[in-house]
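Down below is the structure, laid out as structure tokens.
Predicted, not measured: the structure shown is a model, and the values here were computed from it.
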Amino acid sequence: MVVDGIDPRTGKGVAIEIADGRISAIRPAENTSSHFLSAGLVDLQVNGFRGFDLNNGEVTPKIVLSLCEELLGVGVATWLPTIITASEEAILRALEAIAKIRAGHRLIAEMVPGVHVEGPSISDKDGPRGAHPLEHVRPPSIAEFDRWQQACGNLVSMVTIAPEYEGSIDYISALAARGVHVALGHTAATPEQIHAAAEAGAVLSTHLGNGAAAMLPRHPNFIWAQLADDRLTASFIADGWHLPADTFKAMLRAKGMDRAILVSDMVALAGMPPGVYDQPVGGRVEVSPEGRISVAGTPYLAGASLPLSANVAIAADMAGIPLADALVLATQNPGRFVGGRGRLEVGGRADLIRFDWSEGERELKVREAWVHGEKAFCG
């Protein structure tokens, strides 16, 4: 099979040959589709989308499959279901359900290589805790983590933690030794604690600049420390609301293109009609006509609402970078944390998207998507 289109990096036609779910050849082509062609997007942080919620207490096959189908429509070929701070019983129940659902459905198994557990060992302070429920915030426990893995067959591949807890360094070292990617987030840590966590094996910063106190010391603080530590790759929510354009541009320059990734961090209300909703996490939440999700009656954000396909386009605009560079932040860079996905190279997985985009547009318009060499979406 051959898939062709316009290479965003060169503006020229390219044809990709696929065999056994892998890219077998890449060659220039003159007569191609008029759509852009890219590796499928990789989203390391998805809580829900268009009414489907992974954190409502019951994860069903319909929820996970519907999320896969909805995400394909916005160009995501690989994603990590993200379970946030909850009781151990609730986390175990969600992990066990995801593992069973994944084992019983080929598309889900192909798109979901692991699970991201965001918490429960995050800051208990208002501000850095975000919308995570205070009653379930607790110190890290290697024994609890091992129970997670036992429940889901070692499917947890990423954990977000605040490194200021006593015992967090041992926890980070233990998870890193097990091959789990440890991310720092929802934290009020000191710079010394940030650097100690990176030394212990932490490799990521979760949505850097968010999940933070509204007021911080000018310097030093944990944001500067994470920007400065080259052992940490930073994820950013580039929706124009979570980070102002100047902030995102400066942070991206500080981390460098090789150590930055985009995540959507979408919640269940993402993509839903404007209105006020009562949510199990966040309480009374308002979706504006523009799609901004906030705690009703306040200016405070209550989750992310835009898919990664929008974050790519907005990131290009906010940082003043070419679309091809913004795509790297949502394909091969996050792909490093899910087994090397998101790369257009011979031998790589044939996860592809065709899309349209023009200068100034705020979202990629996805036309088709392939997962492991098979067409999985056609718009």
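Of the possible polar contacts, one joining the R354 side chain to the D4 backbone as a donor-acceptor pair under 3.5 Å is found. Between the T247 side chain and the L243 main chain, no donor and acceptor come within less than 3.5 Å of each other. When atom types are taken as modelled, the side chain of N55 and the backbone of T82 share a donor-acceptor pair closer than 3.5 angstrom. Side-chain N or O atoms of R102 include one that pairs as donor or acceptor with a backbone N or O of V112 at under 3.5 Å. Here the side chain of S168 pairs a donor or acceptor atom with the backbone of P163 at under 3.5 angstrom. A donor-acceptor contact shorter than 3.5 Å links the side chain of S235 to the backbone of S205. Not a single donor-acceptor pair under 3.5 Å links the side chain of Q279 to the backbone N or O of V285. At least one donor-acceptor pair under 3.5 Å links the side chain of N311 to the backbone N or O of P307. Side chain of N221 to backbone of W224: a donor-acceptor contact under 3.5 angstrom is found. When atom types are taken as modelled, the side chain of E144 and the backbone of S141 share no donor-acceptor pair closer than 3.5 angstrom.
Rounding to the nearest 0.5 Å places CG of L134 at 7.5 Å from CG of D126. Atoms CG and CG, on L327 and L41 in that order, are 7.0 Å from each other to the nearest 0.5 Å. With rounding to the nearest 0.5 angstrom, the CH2 atom of W148 is 15.5 Å from the CD atom of E96. Atom OG in S173 sits 8.5 Å away from atom CD1 in I142 (nearest 0.5 Å). Separating the CG atom in L252 from the CG atom in L262 is a distance of 8.0 Å, to the nearest 0.5 Å. Between L227 atom CG and I194 atom CD1 the span is 10.5 Å, to the nearest 0.5 Å.
Atom CZ of R178 sits in a crowded spot, with more than 12 heavy atoms from other residues, nucleotides or ligands closer than 6.0 Å. Atom CD of E359 sits in a sparse spot, with 12 or fewer heavy atoms from other residues, nucleotides or ligands closer than 6.0 Å. Around atom NZ of K12, no more than 12 heavy atoms belonging to other residues, nucleotides or ligands sit under 6.0 Å away. By the neighbour-count criterion of 12 heavy atoms within 6.0 Å, atom CD of Q150 is sparsely surrounded, having that number or fewer from other residues, nucleotides or ligands. By the neighbour-count criterion of 12 heavy atoms within 6.0 Å, atom CG of D278 is densely surrounded, having more than that number from other residues, nucleotides or ligands.
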Before giving the answer on salt bridge (Lys or Arg N to Asp or Glu O under 4.0 Å), spell out for R27 and E17 the whole-Å C-alpha distance, their side-chain angles and the decisive distance to 0.1 Å. CA-CA 8 Å; R27 54 181 170 79; E17 298 179 14; 2.9 Å; yes
Begin with the C-alpha distance, continue with both residues' side-chain angles, and end with the deciding distance and a verdict on side chain to side chain contact (heavy atoms under 4.5 Å, CB included) for L216 and F222. CA-CA 9 Å; L216 293 174; F222 60 84; 3.6 Å; yes
Residues M251, I223; criterion side chain to side chain contact (heavy atoms under 4.5 Å, CB included); working and verdict: CA-CA 10 Å; M251 285 183 162; I223 293 178; 3.6 Å; yes
Under the ring pair (Phe, Tyr, Trp, His ring centres under 6.0 Å) rule, what do H207 and H242 come out as? Steps first, then yes or no, please. CA-CA 9 Å; H207 50 53; H242 280 78; 7.6 Å; no
Passes side chain to side chain contact (heavy atoms under 4.5 Å, CB included), V295 versus L301? Steps please. CA-CA 6 Å; V295 177; L301 289 165; over 6 Å; no
Going through the distances and angles, do D43 and L80 end up as a side chain to side chain contact (heavy atoms under 4.5 Å, CB included)? CA-CA 7 Å; D43 197 340; L80 295 185; over 6 Å; no
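W370 and E374 share no side-chain donor-acceptor pair at under 3.5 Å. For the residue pair T78 and R341, a side-chain donor N or O sits within less than 3.5 Å of a side-chain acceptor on the partner. With 3.5 Å as the limit, one finds a donor-acceptor pair spanning the side chains of S288 and E290. In this structure, a donor-acceptor pair under 3.5 Å is absent between the side chains of D258 and N333.
Residues V263 and M111 fall into different hydrophobic clusters, defined by Ile, Leu, Val, Met, Phe, Trp and Tyr side chains chained together at heavy-atom separations under 4.5 Å. Following chains of ILVMFWY side-chain contacts shorter than 4.5 Å, one cannot reach M158 starting from L308, and the two form parts of different hydrophobic clusters. L175 and F337 fall into different hydrophobic clusters, defined by Ile, Leu, Val, Met, Phe, Trp and Tyr side-chain heavy atoms under 4.5 Å apart, directly or through other members. I237 and M318 are assigned to two separate hydrophobic clusters, defined by single-linkage of ILVMFWY side chains at heavy-atom distances under 4.5 Å. Note on V42 and V203: same hydrophobic cluster, where clusters join Ile, Leu, Val, Met, Phe, Trp and Tyr whose side-chain heavy atoms are under 4.5 Å apart, directly or indirectly.
A salt bridge between D325 and R9 is absent, with no side-chain N of the basic residue lying under 4.0 Å from a carboxylate O of the acidic one. Between D230 and K255 there is no salt bridge, since no side-chain nitrogen of the basic residue lies less than 4.0 Å from a carboxylate oxygen of the acidic one. The pair R22-D351 does not meet the salt-bridge criterion, since no charged nitrogen lies less than 4.0 angstrom from a carboxylate oxygen. Between K125 and E164, none of the side-chain N atoms (NZ, or NE/NH1/NH2) sits under 4.0 Å from a carboxylate O, so this pair counts as no salt bridge. Using a 4.0 Å cut-off between charged side-chain N and carboxylate O, R138 and E88 make no salt bridge. E199 and R231 are joined by a salt bridge, as a carboxylate oxygen and a charged side-chain nitrogen come within less than 4.0 angstrom of each other.
Under the 4.5 Å side-chain criterion, counting only non-hydrogen atoms from C-beta, I261 is in contact with L44. At least one side-chain heavy atom of I83 sits under 4.5 Å from a side-chain heavy atom of V115. Residues V346 and S24 have side chains not in contact (no heavy-atom distance under 4.5 Å, counting atoms from C-beta outward). Residues K365 and W357 have side chains not in contact (no heavy-atom distance under 4.5 Å, counting atoms from C-beta outward). Using a 4.5 Å heavy-atom threshold, the side chains of L306 and W241 count as touching. Using a 4.5 Å heavy-atom threshold, the side chains of T85 and P133 count as touching. Looking at heavy atoms from C-beta onward, D265 lies out of side-chain contact with V46 at the 4.5 angstrom threshold.
Taking the six-membered ring for Trp and thresholds of 30 and 60 degrees, H186 and H132 have ring planes inclined between 30 and 60 degrees apart.
Taking each heavy atom of V328 and P334 in turn, the nearest pair found is O-CD, 3.9 Å. Taking each heavy atom of I108 and C68 in turn, the nearest pair found is CG1-SG, 3.9 Å. Smallest separation of non-hydrogen atoms from Y165 and D124: OH-N, 4.4 Å. The two residues P61 and I101 have their closest heavy-atom pair at N-CD1, 3.4 Å. Of all the heavy atoms in A350 and I23, the pair that sits closest is CA-CG1, 4.1 Å. The minimum heavy-atom distance between A304 and I293, with the atom names listed, is O-CD1, 3.9 Å.
No close placement of the H116 and H181 rings is indicated, their centers lying 6.0 Å or farther apart.
Put simply, the residue from I161, V159, V180 that forms a side chain to side chain contact (heavy atoms under 4.5 Å, CB included) with I172 is I161.
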